[in-house]
Each structure stands twice: as structure tokens, then as C-alpha cells.
Amino acid sequence: MPIEWHGYWLIKFADKGATEYTIPDSVTLIEGYAFSNCTSLEEVIFEENSKLTSIASYAFSGCTSLESIELPNGVTSISSGAFQDCIMN
């Protein structure tokens, strides 16, 4: 669930048991470790007109079921380890 922090919408913690997650278009940042070790996560969907610009360190690390992800065009920053240990194609 996104939260507002200093005027920005971000995802800080995600449901570790989810197999699919839709990122609301209002989210601008996926916080570090937000989806870390969500081993069941297979698909991440970004709503149309996504405002996402940044994915912090280790945001999706350890998502061993996540095979691919199509990032919105507005993403300009992906920090180190953001997708560490994913089986991305």
C-alpha cells in the first residue's frame, strides 16, 4: 500500500505472500527492500500514466519468482542491487 512521505508517494512494505502486485500511478518511489524476499512475487504491473521515477537499493532483491518486469518510461534511477537474486530474463 502506498504511503505519502514529504509530498511523495512511495511503497515501503509489500505483502510478502502476494504473487502479483499493481503499483498505483501515484507512486514515485519504490523504497529500498520494499519487495525484498517476496519469493512468491511473479508479476509487477504499473498502472497507466505511472509517475514512478526511482527504485531504491534492494527493492526487489530475493524475488526469486520474478522473471520479468516492464518499467515505466519515467524511471530515471535504479539503485544498486534493486533486482539482486531475481531470475530476470
Ser79 to Ala56 - nearest heavy-atom pair and separation: CB-C, 3.7 Å
Over all atoms of both residues, closest heavy-atom pair of Pro24 and Thr22: CD-O, 3.4 Å
For Ser36, side chain to side chain donor-acceptor pair (under 3.5 Å) partners two or more places apart: Ser61
Per-pair distances, 0.1 Å, donor-acceptor, side chain in residues 37-55, under 3.5 Å, sequence neighbours excluded:
| unit_1 | atom_1 | unit_2 | atom_2 | d |
| --- | --- | --- | --- | --- |
| Glu47 | OE1 | Asp25 | N | 2.9 |
| Ser50 | OG | Leu52 | N | 3.2 |
| Thr53 | OG1 | Thr28 | O | 3.2 |

From CG (Leu71) to OG1 (Thr76), nearest 0.5 Å: 11.5 Å
Euclidean distance, Ser57 OG relative to Ile30 CD1, rounded to 0.5 Å: 13.0 Å
Pairs where residues 48-75 contributes a residue and the test ring pair (Phe, Tyr, Trp, His ring centres under 6.0 Å) is met, not counting sequence neighbours: Tyr33-Tyr58, Phe35-Phe60, Phe60-Phe83
